[in-house]
Every structure is written in structure tokens, then in C-alpha cells.
Amino acid sequence: MASTSTKPTFTSPFPSSSSSSSSSPSTKSSNLSFLHTTSPISLKLSHSNSLSSHRRTGSFEVNGAVKTADSPSSVKKSQDLDATSLNSTKPTILVSEKLGEAGLEVLRGFGDVECAYDLSPEQLCSKISSCDALIVRSGTKVNRQVFEAAKGRLKVVGRAGVGIDNVDLQAATEFGCLVVNAPTANTVAAAEHGIALLTAMARNISQADASMKAGKWQRNKYVGVSVVGKTLAVMGFGKVGSEVARRAKGLGMNVIAHDPYAPADRARAVGVDLVSFDQAISTADFISLHMPLTPTTNKIFNDETFAKMKKGVRIINVARGGVIDEDALVRALDSGVVAQAALDVFTEEPPPQNNKLVRHENVTATPHLGASTKEAQEGVAIEIAEAVVGALKGELSATAVNAPMVPPEVLSELAPYTILAEKLGRLAVQLVSGGSGIQSVKVIYKSARDPDDLDTRLLRAMITKGIIEPISASYVNLVNADFVAKQKGLRISEEKVVLDSSPEFPFHSIQVKISGVESKFASSNSENGDISIEGKVKYGIPHLTCVGSFAVDVSLEGNLILCRQVDQPGMIGKVGNILGEQNVNVSFMSVGRTARRNKAIMAIGVDEEPNRGALNKIGEVPAIEEFVFLKL
Ligand SMILES: NC(=O)C1=CN([C@@H]2O[C@H](COP(=O)(O)OP(=O)(O)OC[C@H]3O[C@@H](n4cnc5c(N)ncnc54)[C@H](O)[C@@H]3O)[C@@H](O)[C@H]2O)C=CC1
Ligand SMILES: O=C(O)C(=O)COP(=O)(O)O
């Protein structure tokens, strides 16, 4: 009996307890066009950290079949602003803190820019639902409430600087919102400020200046300490830390550093020894902090660690206030364990009026000025503006914080495979009979390359997108693919099969298998009952090459009709005539059969969608046993 389904109609194929798509944070109203296969894919070279740390080899699983609770907010789908509408309307970019003019110019060349400084959290939340991008510095808290208030419209948050501790990355990811930062342009400014604080503190510059302004001349009170020959411990040997180390060596200091993740050869190149945390803090005369604020570094300098320091140590902090337990520092200053501190950053900014550290006579304080030079602010503004515009245009960002980085040469090689991956996902889900719950998807990549050299995250995201988008309101992109899959209870496992052939192309084929479901086209089942389809990229174009155990060869464009029939002469003509009568153009045809005059599958590519009458007529052809119409 021929199937007469004219178009894929689905009751949710996901397990019912997790199909809460209407309240998903990542609905189709949130969009990053770089994952639309029709949009240009280009990017600058990644500097970020996430590629290697996520790389896996062999067979592995991405998500457990976890049924997540309903998402935290409901999102209005009516506020859709997708790639298409971005082409016709200018995106709105909200800049909530002072940004260099050169960056604003870049932004104005692309979108409608609103600069609204000093917004209260409530004002930010009320504005954000009409914004496609938000640019902040360290003073704006971009928390979950902001993403909820954005109602799915916010596509990118640009942090005009390094530290992203003021942005809720988990919430951003859940809402499919890309977060980018400007990690390089203020490095030198922060390092120079660190050195300025170190020398100013050692020579009591700010205290002496205040004293003179009060009409005094206190030469004996403000005798300082020399820095030459003293040991400086740089805590966090990243971009700023290493620049501080270089400059401190120029001042004749003996520099050591602690950084659990820094390569020893980078430190050696600067003439710095990497040592343990305890060794660094117990031997240093000066300690300069340059690590990010993370759950691990939060209050890492506390009563216990101050107690291990050399009596009379001097501390400089241009990183984040939160890495120091500020009450403990007050105690250490009062007891003389810490002789002086120079602080640019505070747990709460601005600190309250009566803040004991700011008022302490042995503390030199500045109001988070590390990045505040004209040069750094112009640089940061351009860096972030270009990153935000790139993201809004659909490019993968070189400075994305919550999405994988794919270097340009890898991306250009992967581009046709991303299209193949999405189409295979889209095809596979349409083969699932309505009402069955998809829980388990397996992707098999066949390649002659070393599995270590195959980064499949982008392809996995595209397969997830292809599977989820046709049957739910969720919008899936590179940022939120794994999250949305998990939320839907969809478990995707991947396997890389190494072939003994030419490694010229990254993949020989990609196979998508869905297990534990009923197929609406039984011939798509493999021997063990899984729905199974396979595709290849041929001459840069994605092709479907296998359906169940039938080999076919059709380019994945337009729409597809799959028919199973008894192999006999005249079948192509019969079906072609039915479609021709309805003015449906056949773009290609391919027949795969098990044996001569045995069962065969005919794959027919059609430019237009045939009407129900045409599909019924195909179903009435006696030799056709089943067929299905699929939208690509
Ligand atoms: N005061 C200001 O205006 C500015 C402050 N900053 C802050 O300075 C810090 C460093 O910035 P960059 O050097 O650009 O970042 P980075 O990412 O290049 O360097 C941070 C380094 O800290 C290391 N690290 C992480 N956890 C650590 C731990 N537990 N102990 C020791 N090291 C650890 C990392 O391995 C990395 O090498 C950030 O917190 C940033 O927000 C940066 C620019 C301006
Ligand atoms: O880049 C950083 O991490 C900074 O701390 C600079 O902050 P700001 O942009 O000056 O508010």
C-alpha cells in the first residue's frame, strides 16, 4: 500500500515530557544567521580556547537522554527577526557604556545605534526586547533577567574588554545568544596600569600627593621601598600578566609566575619561572594579580593565603576585586602582613562610600582604570564593533566566548558538509512516523583522516538543527545546539570510522541513524530497524547516497519523493508523467535496487511541491508499494 502523506505532519516526535518547546528560551525568534546554511560563512582566526578542549576522538556521546524541566521563560515568537528580516531592516544595537567613537562609527555603518549609559537594571530590561545586539563594558550586569526580557530577540552581547564575569554565559547559551569579547586591545593598558600602581604604591605617590594638596610637606613620612632586585609574583600569566612580567623585568625585578594553564616555554621566553601557588605567594615581595574571576579564583586570596605570605608583602590587583576576600585583606593590612595594596578593581563597583579598603591609608585605589587609555578604548571599541557586526552578519566570531571556534581554513572545508549535515537531519526526522519519541540519534562520520583532526561540533550542531527545527518552535544554532538537544531529551552519539582511502576530503560520508522509532517509509530502515540515511559531498554539493539499505544518488536540493517499487520498466516515465501533468519540475532521479526486477527505491528531486492529487496518483501506481514526500 502506498503512503499518501503529502507533507510531513508531526505530532512531537520527542518524548512528551520534554517537548515544552513553546516555553523554550531558544525559539526561532532568536537567531544567529551564521548557522543558516544559505548565509555566508566566514570568520577570522580564532584566538580562543575552546577548540582543543572540546575535541574528542573515536566514539562518544554528546548528551545524556536527560529530560530537563521546562525552560525558565516564555518567548514571544511574534518578535521574529531572522536572517531574512536582517537583510531588510537595520539591526538595533544598544551601547550601554562609553565606547570609543571609532567603534561607534563601525556600528553606525551597519545598524541603528542607541547609546544609553547608566541604565538601571529595570531600564535595561525594558529596552532590551527591541535590541539585536548589546555592547557593554564591566559596569553592566547582563544577567538571566536581561536574556529573559530580551524575549529571544537579542542575538549577540559584545563585551568591550576582556572580563566576561558580568555576563551570565549559561543564560546566554540557553537563549542562543552569542557572547563575544575584545580580548587583546586593552592588554597593554592594563599592564601599564599594573606597573603604574606598583611603582606608585612603592613610592607612596598618591598619599604624598594628597598630603601636599592638603598643604603639607612630609618628606620623612613618605619614604618608600625600591623595586629593583625584589621578587614579583605574577598570578595569572596570560596576556596582561606576561606584559606586566616583561615590564617588571625591565625595572630590575626578579619575576616568578603562577598559572596552572600557562605553557612553561611561554614563561621561559620572558625569562620567568612558573612556580606553584604557595611558592609564589610565600617568596614574593610584590604580588600582582592577573587571573580571571571564576568560581575557582573567587576569594582565592583570603585569611589562609595571606597567612602564607611574607610579612610586608605588597599586592597589586588590576584583575577583578572578587579574587580577593576584601575583609581578609583589611585584616592583613591592619596586622602588617600586607604592607600595602594597590587596587583598581573591587568586589562591588563602585565600592560603597565607607569601603574600608578605599579609605585605608596603605591602599592606593583607582576606579577600574586599567583599560582606560585613549588608545585602548579606541582599539577595544573597534575590536568589539567588528566582532558584533560580524556576528550580526552571520559570521562565526573569532572572539566568541560561548561558541566553538573553527579556524577559517577548517570552516571553508567544512561548509558543504554543514549543509549536508543539516539536510540529513531534516530528512531523517521527516521519516519518523508522527507520535514516536526520538530519543537516540547516532551519527557516523566516515573519513580517511585521523579522528583527532576531525572537529565535528559544527556538523553535530547542524544535524541537531535539522532534526529539531522542522518539528518544534526551537531555534537551534551553534551556541545552543547541545543545550536544546538535551532539553528535548535527544541523545546524539557520534562515531568516527577511519577509512583506508585518500584523506583529501575531511569526510567520505555522514550517516544519520534514528533508533527506537517507527518509520513512515519502511524502506528507510536498516537491518536492525533504525531509520538510516547517508550522504556525501560530491563536487561541493550535498548528495543523498543511501536510504536504509538502498543506494541512491540525488543532490539534496528542493524537495524529494522516495518511492519503493517492484523494479520494472516504465516506472520513471509513469511517475515523471504524473508530476509533469501537475507542472512539477523533476530536477533529478535515481533508482537503487537490491537486485534486478526486485525491490527498488526511486528518489525523485522536485523543484515544486506536488499537490495532494499528484501524490495520490503516484500512490495509485500498482508497482509502488510505499512513498514519502520530503521537504529539504
Ligand atoms: N582592570 C582592568 O581594567 C582590566 C582588567 N583585566 C582583567 O585582567 C585579567 C587578565 O586578563 P588577560 O590577561 O587579558 O586574560 P588572559 O585570559 O589572557 O589571562 C588570564 C590568565 O589567568 C590564568 N588563570 C586562570 N585561572 C588561574 C588560577 N586559578 N591561578 C592562576 N592563573 C590562572 C589563565 O590560565 C590565563 O593565562 C582578567 O580578569 C581581566 O578581566 C583585563 C583588562 C583590563
Ligand atoms: O577588559 C576588562 O576586563 C576590564 O576590566 C576593562 O573594563 P572596562 O571595559 O574598562 O569596564
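Whatever order the structure lists them in is the order used to number ligands and atoms, beginning at 1. Remember, it's a predicted structure, so these values are computed and weren't measured experimentally. Residues: numbered from 1 along the sequence shown.
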request  = Taking only heavy atoms of Asn186 into account, list the atoms of ligand 2 that are under 4.0 Å away from them.
outcome  = 1 (O), 2 (C)

query = Is there any N or O on Gly139 that sits under 3.5 Å from an N or O of ligand 2?
reply = no

task = Would you mind finding which of Arg137, Arg159, Glu349 brings a heavy atom closest to atom 2 (C) of ligand 2?
result = Arg159

query = Taking only heavy atoms of Ala160, which atoms of ligand 2 are found under 4.0 Å from at least one of them?
reply = 9 (O)

Those atoms of ligand 1 less than 4.0 Å from some heavy atom in Phe237 = 37 (O)

message = For Phe483 and Phe175, I'd like to know if the aromatic rings sit close, meaning centre-to-centre distance below 6.0 Å.
response = no

key: Residue Tyr261 vicinity, atoms of ligand 1 by number, heavy atom under 4.0 Å   = 25 (C), 26 (N), 35 (O)

ask   = Side chain of Asp455, backbone of Arg457: donor and acceptor closer than 3.5 Å?
value = yes

task = Below 4.0 angstrom from a heavy atom of Arg320, which ligand 2 atoms are there? Numbered from 1 as shown, please.
result = 2 (C), 3 (O), 4 (C), 5 (O)

Where ligand 2 meets Ala371 - atom numbers and elements under 4.0 angstrom, heavy-atom basis = 6 (C), 10 (O)

request  = For ligand 2, note which part of Glu97 has a heavy atom under 4.0 Å away: side chain, backbone, both or neither.
outcome  = neither

message = Considering non-hydrogen atoms of the protein only, which is the closest contact for atom 13 (O) of ligand 1, and what is the distance?
response = Val240 N, 2.8 Å

Per-atom contacts, ligand 1 versus His368 - under 4.0 Å to a heavy atom = 1 (N), 2 (C), 3 (O)

task = Go through ligand 2 atom by atom and flag the ones less than 4.0 Å from a non-hydrogen atom of Gly163.
result = 1 (O), 2 (C), 3 (O)

message = Show me which atoms of ligand 2 lie under 4.0 Å from any heavy atom of Gly161.
response = 1 (O)

key: Identity and separation of the nearest protein heavy atom to atom 19 (O) of ligand 1   = Gly238 CA, 3.3 Å

message = Suppose we measure from atom 37 (O) of ligand 1 to each protein heavy atom; which comes out shortest, and what is that distance?
response = Asp259 OD2, 2.6 Å

